[in-house]
**Student:** 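I am attaching a structure below and will ask some questions about it afterwards.
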Amino acid sequence: MAPEYRYEAQDIEPKWQALWADERTWEVANDAGDPGQTSYVLEMLPYPSGEPHIGHLKNYSVGDAVAHFHRRTGRRVLHPMGYDSFGLPAENHAINTGQHPRDSIRESVASFRKGFHDWGISIDWTRELSTSDPRYYRWTQWIFTQFFERGLAYRHEAAVNWCPQDATVLANEQVVDGHCERCGTLVEIRSLEQWFFRITDYADRLLEDLDTIEWPEHVKTMQRNWIGRSEGAEVVFRCDELDTDYPVFTTRPDTLFGATFFVMAPEHPDVERLAQGTGNEQAVREYVAAAMAEPTEERGDAHKEKTGVFLGRHVTNPVNGEQLPMYVADYVLMDYGTGAIMAVPAHDERDHEFATKFDLPIRQVIGSPDDAPPVTEQAYTGSGPLQNSAAEFDGTPNREALPEIVAWLDREGKGHQSVNYRLRDWLVSRQRYWGCPIPIIHCDEHGMVPVPAEDLPVVLPDIEDYQPKGKSPLAAAEDWVATTCPQCGKPARRETDTMDTFVDSSWYFLRYCDPHNDDAAWDSKVVAEWTPVDQYIGGVEHAILHLLYARFFIKALNDLGHVDAQEPFQKLFTQGMITKDGAKMSKSKGNVVSPGPIVERFGADTARCYILFMGPPDQDADWSDGGVEGMHRFLGRMWRLSAQAAAELPDHPIPDELNADSERILRKANWAIEKVTVDLADRFNFNTAIAA
RNA sequence: GCCCGGGUGGCGGAACGGUAGACGCGAAGGACUCAAAAUCCUUUGCCCUUUGGGGCGUGUGGGUUCGAUUCCCACCCCGGGUACCA
């Protein structure tokens with residue numbers, strides 16, 4: 001073969017990469033006046049740990065293909081890159097080696113940056129950012145103070161995972177089967193003061209606005225389930241013996257007449273008081289202690305047998321005045337509804353199980369079909385006409401009776417329509433070192449005072465000992481903790497908790513728009529030019545938390561007047577995983593394929609094309625070494641064909657008078673243009689575009 | 001249990017109401033070479049057949065349609081998510 005026709009990726013790629021760097025090919029300016037359509041293409045920012053892996057290569061290959069497609073179809077494309085560089089892996093590395101997280105992160109960032117260059121990803125490097133850079137987290141802290149001043153950030157006592165051995169709070173991910181992942185000690189639940197963001201205020205908007213964005217349906221479904229909106233009623237059950245009202249939330253007020261007992265969560269604050277003087281104190285206390293000690297994994301297991309203890313008290317069913325026995329049982333959760341339930345064993349499987357075990361009455365109040373098993377054997381959860389209820393409701397289909405019963409409760413002052421969410425407020429504080437310091441000062445006189453904007457950032461101090469000891473390692477930095485109150489100037493102490501890293505990544509896509517602004521987190525006019533992100537690309541593992549948090553941030557910032565957008569990401573694409581021999585790649589399995597050697601041997605174009613060619617990119621795909629070689633040959637054939645055509649054909653190869661051959665080729669070329677355009681723009685099917 | 005995906009050649013996958021298997025891998029044969037590698041060309045769903053050709057094929061069973069991998073119903077397997085949420 002003539003040497004000039006050989007496909008030499010090792011010569012071709014550095015040549016063009018150098019040219020792109022020289023010409024600043026992928027940089028875009030914030031020119032609001034510039035005519036033409038803009039496009040913001042963004043892949044989820046990487047957590048820089050060690051070397052980039054094959055999943056990164058897939059993520060950024062997909063994103064880069066989209067960015068190029070948008071450019072080739074006439075848009076001005078913002079395609080930036082940054083690093084999510086706070087977080088536990090760097091901190092654990094510091095605990096083990098003593099190397100400062102700042103230094104290990106710098107090394108990882110360098111290797112990721114090199115990877116992106118070697119892969120030829122078209123990035124506007126002038127906008128590069130890193131969330132652990134004070135120039136970035138200054139504004140993370142500013143947003144926190146904005147939220148604090150509007151009551152969206154608040155401090156509150158909450159139950160957290162606590163390891164008695166390590167004397168530290170653990171993140172949920174650090175709890176494995178109820179035990180500490182490091183020392184194996186059984187994890188306890190402790191109540192500690194924590195910082196929260198009031199995301200529950202946005203539950204309805206987060207739900208409704210899902211209809212305005214073009215995301216995969218299964219991701220929207222996951223978010224809907226996570227928010228978990230339930231419509232029903234709050235109904236008040238009164239305990240005359242203690243002269244106390246106990247409201248419950250129910251989605252089935254139509255079954256109120258079938259309530260035969262009442263259950264409270266072990267954590268309910270009144271449980272002990274209720275049992276007092278009934279002779280059941282001891283049994284109740286023991287049961288509650290056992291339930292609290294039980295690992296959350298086991299506690300949450302729906303398949304385990306129901307347990308509980310009679311409290312020795314009764315409440316009145318507001319619809320018929322019946323006295324219902326009160327129990328404490330761990331199948332009732334304190335953090336959903338009111339921590340207490342009315343139990344309707346005839347029409348709820350869990351209540352049925354409990355009633356059967358404790359020999360409690362089961363009263364059917366919804367008519368079931370003739371072929372349904374009797375409710376003494378199995379709860380009937382379907383619909384049907386009311387029975388054994390009040391005369392005015394008997395015979396009415398339950399769906400119709402439901403609102404009527406709620407209206408009746410409302411008139412009688414015994415309840416009202418209510419909506420409940422599964423979504424909880426976002427716990428953002430961490431008792432860890434390598435995170436963004438929470439910019440709050442505790443003053444004896446003025447309480448919690450936000451650090452004024454002009455004093456930001458609160459710079460994370462250097463410390464000697466990263467080991468967590470139950471409070472943030474920052475607490476040991478006495479010089480740093482001791483400060484003065486911004487309001488009165490008297491001695492005060494800094495907040496020593498740091499923020500969850502999800503906070504850092506909830507707004508980074510805004511900073512890319514205006515990354516060098518030293519006067520503000522961003523100029524809202526500039527942000528308005530680019531946002532919302534037109535196409536967001538990332539792993540489905542972030543379908544809930546990251547994507548929900550970012551949506552919450554945009555809505556909160558919109559309410560605060562800082563952004564115009566209501567949603568951060570107009571379109572979302574979630575890529576599938578690359579496996580090897582059908583299994584997730586992991587060091588322990590020894591089946592890791594690294595991008596480095598592949599790119600070195602075959603070139604980035606081969607690696608990227610192969611990854612895009614493996615199959616539909618939203619599905620998982622299994623890596624094949626033979627497949628890479630096939631793609632390399634494929635590109636080689638294409639290169640040679642093009643080179644030959646360029647060398648051998650006249651300058652203007654399309655004759656004025658088309659003959660059969662040239663017409664056939666023209667037709668085929670136009671077919672391919674159409675096919676590739678549709679595959680890239682509408683379907684995200686890179687595999688068929690490459691094949692075409 | 002519930003909610004999503006997905007079952008098509010030896011393999012990854014195309015087609016998604018109109019010639020099933022694009023493209024790639026693998027395999028077989030051939031060219032080039034002293035030889036090998038690389039490269040190129042040809043063939044390649046399965047079965048039967050002497051050429052011509054014929055039969056069967058998209059997890060299973062039904063249905064709609066002139067026509068179904070594609071739409072509908074029931075079911076079976078595989079993968080993922082999620083769960084005492086009242």
Side-chain angles (χ1 to χ4, degrees), chain A residues 1-2 5-7 216-230 232-235 248-253 255-256 259 262-265 296-308 329-345 347-354 379 381 418 420-424 540-541 543-544 574 576-579 582-584 606 609-616 618-638 640-641 671-672 675 679 683 685-692:
Chain A
M1 189 195 306
Y5 295 163
R6 295 239 327 240
Y7 174 58
E217 213 42 56
H218 69 275
V219 175
K220 290 189 186 185
T221 303
M222 280 196 244
Q223 294 224 339
R224 285 192 190 101
N225 292 342
W226 188 260
I227 296 166
R229 185 181 202 272
S230 301
E234 196 164 290
V235 185
V248 301
F249 173 76
T250 178
T251 54
R252 296 294 305 275
T255 64
L256 258 166
F262 190 91
V263 191
M264 301 181 103
T296 36
E297 312 272 312
E298 283 173 34
R299 165 100 191 254
D301 182 5
H303 301 296
K304 76 165 193 179
E305 210 177 329
K306 294 280 178 287
T307 58
D330 67 359
Y331 81 94
V332 175
L333 309 175
M334 190 60 220
D335 58 3
Y336 186 78
T338 62
I341 61 156
M342 65 164 197
V344 185
H347 305 292
D348 182 281
E349 286 166 19
R350 298 152 302 177
D351 297 344
H352 189 275
E353 219 185 301
F354 192 87
T381 55
S418 176
N420 229 290
Y421 300 91
R422 204 187 83 108
L423 184 68
R424 301 269 75 95
V540 74
E541 66 273 17
I544 299 172
T574 55
M577 205 176 30
I578 296 180
T579 56
K584 195 174 174 175
T606 295
C609 281
Y610 172 61
I611 280 175
L612 296 178
F613 182 70
M614 288 168 84
D618 56 332
Q619 286 172 28
D620 290 350
D622 203 63
W623 182 270
S624 140
D625 290 330
V628 187
E629 289 169 28
M631 179 51 70
H632 194 242
R633 281 197 289 272
F634 182 93
L635 291 181
R637 283 196 292 271
M638 200 167 82
R640 194 179 58 250
L641 186 67
W671 166 86
K675 168 80 177 151
D679 282 352
R683 306 192 336 150
N685 278 10
F686 305 98
N687 54 335
T688 51
I690 292 168

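Throughout, a chain's letter reflects where its sequence line sits, starting with A, and its residues are numbered from 1. Keep in mind it's a predicted model, so treat the numbers as computed, not measured.
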**Student:** Which base, if any, makes a Watson-Crick or G-U wobble pair with B:U33, both distances under 3.5 Å?
**Tutor:** none

**Student:** Rounding to an integer number of angstrom, what distance separates B:C76 and B:C85 when you compare their C1' atoms?
**Tutor:** 32 Å

**Student:** Calculate, to the nearest 0.5 Å, the distance between atoms OH and OG1 belonging to A:Y331 and A:T307 respectively.
**Tutor:** 10.5 Å

**Student:** Whole-Å distance between B:C16 P and A:D679 CG?
**Tutor:** 10 Å

**Student:** Has A:R640 got a side-chain N or O lying under 4.0 Å from the OP1 or OP2 atom of B:C40?
**Tutor:** yes

**Student:** Between B:G52 and B:U33, how many Å separate the two C1' atoms, rounded to a whole number?
**Tutor:** 41 Å

**Student:** When the C1' atoms of B:G1 and B:U65 are considered, how many whole Å apart are they?
**Tutor:** 37 Å

**Student:** Within this structure, what is the CZ-to-C1' distance between A:R350 and B:C2, rounded to whole angstrom?
**Tutor:** 13 Å

**Student:** Please figure out whether A:R424 or A:A621 has its closest RNA chain B nucleotide nearer the 5' end.
**Tutor:** A:A621

**Student:** Grab the NE2-P distance between A:H218 and B:U82 for me, whole Å please.
**Tutor:** 12 Å

**Student:** Counting only side-chain heavy atoms from C-beta out, which of B:C84, B:C3, B:C85 sits nearest to A:T221?
**Tutor:** B:C3

**Student:** Report which part of the nucleic acid A:G228 touches: base, sugar-phosphate, or nothing (heavy-atom distance under 4.0 Å, all strands).
**Tutor:** nothing

**Student:** Can you tell me if A:Y610 uses its side chain to pair, donor with acceptor, with the backbone of A:W623 under 3.5 Å?
**Tutor:** no

**Student:** Could A:R252 and A:D351 be called an ion pair, given the rule that one side-chain N must be under 4.0 Å from one carboxylate O?
**Tutor:** no

**Student:** Can you tell which of B:G13, B:A86, B:C40 lies closest to the side chain of A:N687?
**Tutor:** B:G13

**Student:** With rounding to the nearest 0.5 Å, note down the distance linking CE in A:M638 to CD1 in A:I690.
**Tutor:** 9.0 Å

**Student:** Tell me what A:R683 touches on the nucleic acid: a base, only sugar-phosphate, or nothing, going by heavy atoms under 4.0 Å.
**Tutor:** sugar-phosphate

**Student:** Counting only side-chain nitrogens and oxygens, does A:S230 get under 4.0 Å of the OP1 or OP2 atom of B:A86?
**Tutor:** yes

**Student:** Of the listed nucleotides (B:C3, B:G81, B:A14), which one gets closest to any side-chain atom of A:T688?
**Tutor:** B:A14

**Student:** Looking only at side-chain N and O atoms, does A:R224 come under 4.0 Å of OP1 or OP2 in B:C3?
**Tutor:** no

**Student:** Tell me the partner of B:C2, counting only Watson-Crick (N1-N3 plus N6-O4 or O6-N4) or G-U wobble (N1-O2 and O6-N3) with both under 3.5 Å; none if nothing fits.
**Tutor:** B:G81

**Student:** Need one value for A:F613: base, sugar-phosphate or nothing, where a base atom within 4.0 Å counts as base even if backbone is also close, heavy atoms only.
**Tutor:** base

**Student:** Could you tell me which nucleotide pairs with B:U42 by Watson-Crick or G-U wobble geometry, both distances under 3.5 Å, or answer none if nothing does?
**Tutor:** B:A28

**Student:** Find which nucleotide of RNA chain B each of A:W671 and A:M614 is nearest to by heavy atoms, and output the residue with the more 5' nucleotide.
**Tutor:** A:M614

**Student:** Using whole Å, what does the distance between atom C1' of nucleotide B:C84 and atom CE of A:M264 come to?
**Tutor:** 18 Å

**Student:** So, is B:G52 syn or anti if syn means the angle is within 90° of 0?
**Tutor:** syn

**Student:** Closest approach to the side chain of A:R633, judged atom by atom: which nucleotide of B:C25, B:A22, B:A86 is it?
**Tutor:** B:C25

**Student:** Quantified in whole Å, what is the P atom distance between nucleotide B:G26 and nucleotide B:A20?
**Tutor:** 28 Å

**Student:** Could you tell me the separation between the CE atom of A:M631 and the P atom of B:G13, rounded to a whole number of Å?
**Tutor:** 14 Å

**Student:** Heavy atoms, side chains only, cut-off 4.5 Å: are A:F249 and A:S230 in contact?
**Tutor:** yes

**Student:** When the distance from CG of A:N225 to C1' of B:A83 is rounded to whole Å, what number comes out?
**Tutor:** 10 Å

**Student:** Between B:A22 and B:C16, how far apart are the P atoms? Round to whole Å, please.
**Tutor:** 14 Å

**Student:** Hey, does A:D330 reach any base, or is it just sugar-phosphate, or nothing, if we go heavy atoms under 4.0 Å?
**Tutor:** base

**Student:** Of the candidate nucleotides B:U39, B:G6, B:C16, which contains the atom at the shortest distance from the side chain of A:Q619?
**Tutor:** B:G6

**Student:** Start with the C-alpha gap between A:E217 and A:R224, add the side-chain angles, then the distance that decides, and say whether salt bridge (Lys or Arg N to Asp or Glu O under 4.0 Å) holds.
**Tutor:** CA-CA 10 Å; A:E217 213 42 56; A:R224 285 192 190 101; 3.6 Å; yes

**Student:** Write down the partner of B:G61 under the Watson-Crick or G-U wobble criteria, each distance required to be under 3.5 Å.
**Tutor:** B:C73

**Student:** Classify the nucleic acid contact of A:V540 as base, sugar-phosphate or nothing, counting any heavy atom under 4.0 Å across all strands shown.
**Tutor:** nothing

**Student:** For B:C25 and B:C73, measure between their P atoms and round to the nearest Å.
**Tutor:** 40 Å

**Student:** When you measure from the centre of the six-membered ring of A:F354, is the NZ or CZ of A:K306 under 6.0 Å away and within 45° of the axis?
**Tutor:** no

**Student:** Please classify the nucleic acid contact of A:G337 as base, sugar-phosphate, or nothing, using heavy-atom distances under 4.0 Å.
**Tutor:** nothing

**Student:** Please determine, for the side chain of A:R637, which listed nucleotide (B:A86, B:C25, B:C40) has the closest atom?
**Tutor:** B:C40

**Student:** Which whole-number value in Å describes the distance from A:L612 CG to B:G12 C1'?
**Tutor:** 15 Å

**Student:** Which whole number of Å gives the distance between the C1' atom of B:C77 and that of B:U43?
**Tutor:** 35 Å

**Student:** Which whole number of Å gives the distance between the C1' atom of B:G30 and that of B:G18?
**Tutor:** 38 Å

**Student:** Syn or anti for B:G9? Use the chi torsion, O4'-C1'-N9-C4 for purines and O4'-C1'-N1-C2 for pyrimidines, with syn inside 90° of 0.
**Tutor:** syn

**Student:** Who does B:G12 pair with, Watson-Crick or G-U, both distances under 3.5 Å?
**Tutor:** B:C23

**Student:** Any base atoms under 4.0 Å from A:S624, or only sugar-phosphate, or nothing? Heavy atoms, all strands.
**Tutor:** nothing

**Student:** How long is the gap from CD on A:E234 to OG1 on A:T338, to the nearest 0.5 Å?
**Tutor:** 6.5 Å

**Student:** Taking the side chain as everything from C-beta on, heavy atoms only, tell me whether A:P216 gets closer than 4.5 Å to A:D618.
**Tutor:** no

**Student:** Can you identify which nucleotide, out of B:G13, B:C85, B:G81, has its nearest atom closest to the A:M222 side chain?
**Tutor:** B:G81

**Student:** Rounded to whole angstroms, how far apart are NZ on A:K675 and P on B:C23?
**Tutor:** 12 Å

